[in-house]
Engineer: 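Right, I'll just put the structure down here and ask away after.
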Amino acid sequence: MAYYRFKIASNYLAQEIEYQAVAPSVIERVLILLHGYWDEDIGAKSKYKDPLDEMNNNLNLQEYADKHNVLIVTPYLYNWFYINREGRDVSSFLHEELINDLDGRFDMNNFDCYLAGISMGGYGTLLIGLNHPEYFKGYGSISGAFISNDISIANPLVVGFPDSVKRRQYYMDTFGPIDTFDNDPSRNVEAAISAHNVTDTLPTIILTCGTEDMLYPRNIRILNMLATNKISYQWEVFEGEDHLYPCFDKGLGFILEGWFR
């Protein structure tokens, strides 16, 4: 397995970031794959040291890399939901610093770059794609955690903290001021969909989800909004699948086939 761990000193994020890369023997394209929410309490008790380790052991990354000649890269970006905040420009880090670092290591020759994400990473993928459609060649969401509306009402079900005070504080720390959240396309996926200019060139978004996933109704809400705002998308449902890695793996495979077959 051609598996690597690298670190990059990021000016956009004002800290050092670790990322993994799974490489085929011949690289023709690049996928940046955004990880989901990482519960540090559960992680400390598991055999996986971080979300990168967990993903590498539960997804067929090497198989997909070899099949599609795609370098699959996942940066560890904590539980930020990939939102730009003061002193933290996630989208520019991915689009500029990470790509430049990869080019120096793998000599990518200006290959096409794609962005996809699992759960929280699906939220980040759409947020970046809708605000910066020109950054990547394609955008894909796997069981996306589209919890914009839940944040607005402080729904206690969607994050899983044991008390509402801690949960509310997480929302505020991660998504910024709640009183301005609803109408801010830089933080709120639903607001970004509503604000999207139909004249902008946005690649068809590919979304997948399992029918037993608690996020399934939230994905349907997003699909309806995409359709209303005339944003092109492709949708794949996995019957009986839940918010678990077997479903994530199917979703990743489906998205890669959609892009590279």
Side-chain angles (χ1 to χ4, degrees), residues 31-43 46 48 51-52 54-61 64 72 74 77-83 114-130 138-162 167 170-171 174-175 188-190 192-193 204-228 231 233-259:
L31 167 67
I32 297 176
L33 180 63
L34 304 181
H35 65 79
Y37 182 90
W38 175 249
D39 190 319
E40 294 183 356
D41 292 335
I42 294 176
S46 78
Y48 305 116
L52 311 186
E54 183 179 59
M55 290 171 70
N56 193 55
N57 282 279
N58 286 283
L59 298 172
N60 293 308
L61 297 181
Y64 294 135
I72 303 177
T74 301
L77 294 177
Y78 306 94
N79 292 328
W80 295 341
F81 267 78
Y82 306 95
I83 292 171
Y114 298 77
L115 185 68
I118 296 170
S119 191
M120 177 181 73
Y123 186 101
T125 296
L126 258 67
L127 197 68
I128 293 168
L130 290 162
Y139 294 92
S141 169
I142 302 162
S143 306
F146 299 120
I147 62 172
S148 297
N149 189 58
D150 297 285
I151 295 162
S152 298
I153 64 174
N155 185 346
L157 298 177
V158 297
V159 176
F161 287 123
R167 184 180 305 110
Y170 171 78
Y171 283 153
T174 303
F175 296 93
N188 184 328
V189 164
E190 295 188 14
I193 293 173
T204 296
I205 301 170
I206 305 179
L207 306 97
T208 71
C209 194
T211 57
E212 302 308 305
D213 193 328
M214 68 170 289
L215 295 171
Y216 180 75
R218 293 162 176 85
N219 275 259
I220 296 299
R221 179 185 175 95
I222 290 299
L223 296 182
N224 290 336
M225 292 191 69
L226 293 173
T228 298
I231 298 173
Y233 68 86
Q234 184 178 354
W235 169 240
E236 180 69 9
V237 175
F238 301 113
E239 293 290 338
E241 294 285 0
D242 208 333
H243 200 72
L244 298 168
Y245 272 100
C247 187
F248 302 160
D249 192 63
K250 289 180 180 179
L252 178 58
F254 179 85
I255 288 172
L256 293 175
E257 286 293 331
W259 284 335

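In this chain, residues are counted from 1 in sequence order. This structure is a prediction, so every number in the text was calculated from the model and none was measured. Note that these values count all heavy atoms, side chains included, but never hydrogens, waters or copies made by symmetry.
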Engineer: So, does Asp213 use its side chain to make a donor-acceptor pair with the main chain of Glu241 at under 3.5 Å?
Structural biologist: no
Engineer: Sequence neighbours excluded and cut-off under 3.5 Å, please list the side-chain donor-acceptor pairs for residues 139-148, or say none.
Structural biologist:
residue, atom, partner, partner atom, Å
Tyr139, OH, His132, O, 2.9
Tyr139, OH, Phe136, N, 3.1
Ser148, OG, Tyr123, OH, 3.3
Ser148, OG, Asn188, OD1, 3.0
Ser148, OG, Val189, N, 3.3

Engineer: Any heavy-atom pair between the side chains of Trp259 and Leu31 that's under 4.5 Å?
Structural biologist: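 Side-chain contact under 4.5 Å: yes.
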Engineer: Sequence neighbours excluded, which residues qualify as side chain to side chain contact (heavy atoms under 4.5 Å, CB included) partners of Asp249?
Structural biologist: Leu59, Asn60, Tyr64
Engineer: Mind checking what makes side chain to side chain contact (heavy atoms under 4.5 Å, CB included) contact with Ile220, not counting sequence neighbours?
Structural biologist: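 Checked Ile220 against side chain to side chain contact (heavy atoms under 4.5 Å, CB included); matches are Tyr216, Leu223, Asn224, Trp235.
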Engineer: If you round to the nearest 0.5 Å, how far is CG of Leu127 from CD1 of Ile83?
Structural biologist: 6.0 Å
Engineer: What residues form a side-chain hydrogen bond (donor to acceptor under 3.5 Å, both in side chains) with Thr211, not counting sequence neighbours?
Structural biologist: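 With sequence neighbours excluded, Thr211 shows a side-chain hydrogen bond (donor to acceptor under 3.5 Å, both in side chains) to no residue whatsoever.
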Engineer: Checking Glu236 now: which residues fulfil salt bridge (charged side-chain N to carboxylate O under 4.0 Å, His left out) with it, not counting sequence neighbours?
Structural biologist: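 Salt bridge (charged side-chain N to carboxylate O under 4.0 Å, His left out) check on Glu236 returns nothing, list empty.
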Engineer: Distance check, rounded to the nearest 0.5 Å: Ile118 atom CD1 versus Leu33 atom CG?
Structural biologist: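 Reported value, rounded in 0.5 Å steps: 5.0 Å.
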Engineer: Determine whether a donor-acceptor pair (N or O, by modelled atom type, separation under 3.5 Å) exists between the side chain of His35 and the backbone of Leu52.
Structural biologist: no
Engineer: Look only at the side chain of Asp242 and the backbone of Leu244, and say whether a donor-acceptor pair between them is shorter than 3.5 Å.
Structural biologist: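 Judged by distance alone, no pair lies under 3.5 Å.
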Engineer: What's the shortest heavy-atom distance between Met55 and Leu61, and which atoms?
Structural biologist: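 Distance-wise, the nearest heavy atoms are O-CD1, 4.2 Å.
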Engineer: Let me see the working for Ile205 and Ile231 under side chain to side chain contact (heavy atoms under 4.5 Å, CB included), right down to the final yes or no.
Structural biologist: CA-CA 8 Å; Ile205 301 170; Ile231 298 173; 4.1 Å; yes
Engineer: Within the 4.5 Å heavy-atom criterion, are Thr125 and Leu34 side-chain neighbours or not?
Structural biologist: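 Thr125 reaches Leu34 side chain to side chain.
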Engineer: Distance from Met120 atom CE to Leu77 atom CG, nearest 0.5 Å?
Structural biologist: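 Output value for this atom pair is 8.0 Å.
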Engineer: Tell me the closest heavy-atom pair linking Leu215 and His243, and the distance in Å.
Structural biologist: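 Leu215 and His243 have their closest heavy atoms at CD1-CE1, 3.3 Å.
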Engineer: Of all the heavy-atom pairs spanning Cys209 and Asn219, show the shortest one and how long it is.
Structural biologist: SG-ND2, 3.8 Å
Engineer: Taking all atoms of both residues into account, what is the closest heavy-atom pair of Ser119 and Gly36, and its distance?
Structural biologist: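 Shortest heavy-atom contact: CB-CA, 4.3 Å.
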Engineer: Just how far is it from atom CG of Leu226 to atom CZ of Arg221, taken to the nearest 0.5 Å?
Structural biologist: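 So the gap between those two atoms works out to 12.0 Å.
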Engineer: Checking Glu54 now: which residues fulfil salt bridge (charged side-chain N to carboxylate O under 4.0 Å, His left out) with it, not counting sequence neighbours?
Structural biologist: none
Engineer: Using the ring pair (Phe, Tyr, Trp, His ring centres under 6.0 Å) criterion, which residues pair with Tyr245? Sequence neighbours excluded.
Structural biologist: Phe248
Engineer: So, taking the atom named OG1 in Thr208 and the one named CD1 in Ile255, what distance separates them when rounded to the nearest 0.5 Å?
Structural biologist: 5.0 Å
Engineer: Mind checking ring pair (Phe, Tyr, Trp, His ring centres under 6.0 Å) for Trp80 and listing every partner two or more places apart, or none if nothing turns up?
Structural biologist: Tyr78
Engineer: In Å and rounded to the nearest 0.5 Å, what is the CG to OG1 distance from Asn56 to Thr74?
Structural biologist: 8.5 Å
Engineer: Under the side chain to side chain contact (heavy atoms under 4.5 Å, CB included) test, which residues partner Asn57, sequence neighbours left out?
Structural biologist: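 Here the qualifying residues are Tyr48, Asp53.
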